[in-house]
Amino acid sequence: CIIPRLFCVFFFQAEDGILYFCLFFFFKQKTAYEISACLVGSEMCIRDRNKQTRQTMKELGLQMSVNKLYNTKRPSLKDAVVSFGGFCSGVVVSGDGLVFTNHHCGFSSIQQHSSVEHDYLKDGFVARNLSEELPNPELYVRFLLHQQDVTRRVLGAVKPDMNESERTSVVDSVMLVIGEEVSRKDSTLIGIVDAYYGGNEFWLSVYRDYNDVRLVFAPPSSVGKFGWDTDNWVWPRHTGDFAVFRIYAGKDNRPADYSPDNVPYHPEYVAPISLDGYREGSFCMTMGYPGSTERYLSSFGIEEMMTTTNQAQIDVRGVKQAIWKREMDSRDSIRIKYASKYDESSNYWKNSIGVNRTIKKLHVLDKKRAMETELRRWIQQTPEEREHLLHLFSDLELNYKSRRDAYRARAYFAESFLNGPELVQLALSILNFDFEGEEKTVVANLKAIVEKYANLDLGIDKEAVSYTHLTLPTNSEEEI
């Protein structure tokens, strides 16, 4: 991941050669260009431990052994960097299970504990002892144990005469089977197979989850969300974007559901903290759980993304959020109820605006087309590939063009209807509810529906629906 924002944990190397977790990072971030210049690279995953990767890291200034970053036989830095709730990254910083993550990653939990009388969103929160730490039943912290290349097994089920739909179905099925095998052997483990490099590689990651995670500290939103939507996804950004949680476990230090009898988890590895910050020339790197990217999309795919998914989010969410914000500013009870969902909605609304602008500003489409021209030339000059790939780009262009109107309509329908009216979302959740699942899962899902309804204001929802359905697609193809 290139930019250590919400998905990754920032480390720098001090003079003693140790990689330190930098608290300073949360308060004053450098520009994306400055940060990317000192990172290991754009796509060196934790599994990339080959000689070339090791050599590159050493050349960039890494002094400690790469085995101290990732090691399945003894504790290493990967044991301190966790997946926080499956949507963010965190870092374990104490022997009693303290975890630092971003304020916006803990925002939903802070909101759930807030009320007009105890406004932790506005005033912040601090637990002065263990008994004051607040449980969050929906949260978990996920530790990576090890990874395994399963590419040969996954692709071994693919036959040359399969069409893309058949291939996708087979690949997804094999990935699911491999993951389930892990849990069958050990119920405390989770196996997940992910595709890398556009589906050319497949890796199994084995995790262990801890489900008792409690809120310890959160700064006021004036600090944790300083700049709000204006500064979000903008660099440099100055914000105290952090929150502190604690992992709890059973008395045997193993995963356990929430219980007052649970004790602070004692991790295998703790990331050392530095209050000094990094210096010019320090080796810096990020580790964590970033989101997916669209770097392998063709120019046709990038155009589609801009004019469908992104533009629909910009148009529809902009209208909906304006209505929400007006009511949130007028009533504290609504501000607290709608804080988390507004935050979730506005995050990728702002991201879509920035992505579309930057694609144009950096001439990404022109660069992609130039690369595709080179690839076309290579196909023409390579007889063994020409027969299979000669019509690659004409087929891509034709298929993207033929689905453009329907795909665009679907994007606006999803934003204005499926992701728009909360009452519709609740109805769909109930209609599709799995009452045959495990009791624990059924109870948790029912509680989530009840909580969502409790945070719904029907008057606001009706107004948002009436206006978002009037939102029409803009003529953004002409702008491109």
Side-chain angles (χ1 to χ4, degrees), residues 1-2 6-9 40-50 52-53 66-67 69-73 76-90 105 138-211 254-255 268 286-297 301 432 434 437-438 440-441 444-445:
C1 62
I2 299 175
L6 71 164
F7 296 122
C8 298
V9 180
V40 174
S42 63
E43 196 171 327
M44 288 184 181
C45 300
I46 194 169
R47 56 189 167 71
D48 289 331
R49 301 180 302 281
N50 54 48
Q52 183 179 356
T53 300
V66 176
N67 288 332
L69 301 181
Y70 177 92
N71 198 316
T72 59
K73 296 180 180 179
S76 59
L77 189 58
K78 65 97 174 166
D79 298 309
V81 179
V82 298
S83 172
F84 186 84
F87 48 79
C88 277
S89 294
C105 295
E138 82 290 351
L139 262 186
Y140 64 87
V141 164
R142 174 166 289 174
F143 288 85
L144 173 68
L145 302 185
H146 62 85
Q147 293 181 302
Q148 178 184 348
D149 186 355
V150 293
T151 305
R152 184 171 297 180
R153 181 176 175 188
V154 173
L155 296 184
V158 177
K159 307 302 180 186
D161 58 345
M162 287 181 175
N163 60 36
E164 192 60 29
S165 178
E166 292 170 336
R167 182 187 189 278
T168 300
S169 178
V170 168
V171 166
D172 287 349
S173 298
V174 177
M175 291 170 67
L176 187 62
V177 167
I178 295 173
E180 289 177 340
E181 289 174 353
V182 173
S183 298
R184 281 201 296 269
K185 292 178 181 177
D186 185 338
S187 61
T188 70
L189 302 182
I190 295 95
I192 298 176
V193 178
D194 293 299
Y196 292 85
Y197 303 110
N200 286 291
E201 288 186 16
F202 296 86
W203 287 74
L204 167 67
S205 299
V206 178
Y207 302 96
R208 177 169 282 128
D209 288 358
Y210 284 79
N211 301 312
R254 301 275 289 176
E268 292 187 2
T286 56
M287 285 181 67
Y289 297 82
S292 60
T293 70
E294 290 79 30
R295 69 179 64 191
Y296 297 114
L297 276 181
N432 294 304
D434 181 13
E438 294 183 10
K440 174 184 171 182
T441 303
N445 290 339

Side-chain contact, heavy-atom cut-off 4.5 Å: Val141 with Asp209?
no
Who passes ring-ring contact (aromatic ring centres under 6.0 Å, His included) against Phe143, sequence neighbours left out?
Tyr210, Tyr265
Judged by modelled atom types alone, do Glu201 and Thr151 share a side-chain donor-acceptor pair under 3.5 Å?
no
Considering residues at least two apart in sequence or located in another chain, which fulfil the side chain to side chain contact (heavy atoms under 4.5 Å, CB included) criterion with Val182?
Leu189, Leu204, Val206
Do Tyr296 and Tyr197 come close enough that some side-chain heavy atom pair is under 4.5 Å?
yes
If every non-hydrogen atom of Leu145 is compared with every non-hydrogen atom of Lys78, which pair is closest and at what distance?
O-NZ, 2.7 Å
Pairwise side-chain contact, Leu155 with Phe202, heavy-atom cut-off 4.5 Å (strictly under):
yes
Smallest heavy-atom separation, Ser183 atom then Gly191 atom, equals OG-N, 4.3 Å
Check whether any side-chain heavy atom of Arg142 lies under 4.5 Å from a side-chain heavy atom of Ile190, and answer yes or no.
yes
Nearest heavy-atom approach of Ala195 to Gly199 is CB-CA, 4.2 Å
For a 4.5 angstrom cut-off between non-hydrogen side-chain atoms, does Tyr70 reach Leu77?
no
Give me each pair satisfying salt bridge (Lys or Arg N to Asp or Glu O under 4.0 Å) with a member in residues 144-173, each pair once, sequence neighbours excluded.
Arg153-Glu181
Gap between atom CG of Asn445 and atom CD of Glu438 - 0.5 Å precision
11.0 Å
Atom CZ in Phe84, atom OG in Ser89: separation rounded to 0.5 Å?
10.5 Å
So which heavy atom on Met175 is nearest to which on Val193, and how close?
CE-O, 3.0 Å
How long is the gap from OH on Tyr140 to CG on Asn211, to the nearest 0.5 Å?
9.0 Å
Would you say Ser169's side chain and Ser165's backbone share a donor-acceptor pair under 3.5 angstrom?
no
To the nearest 0.5 Å, how far apart are CG in Asp79 and CD in Glu268?
5.0 Å
Of the non-hydrogen atoms in Asp186 and Arg208, which two are nearest, and what is the gap between them?
OD2-NH2, 3.7 Å
Would you give the length of the straight line joining atom CG of Leu144 to atom OH of Tyr289, rounded to the nearest 0.5 angstrom?
4.5 Å
Looking at CD of Gln147 and CD1 of Ile192, how far apart are the two atoms once the value is rounded to the nearest 0.5 Å?
11.0 Å
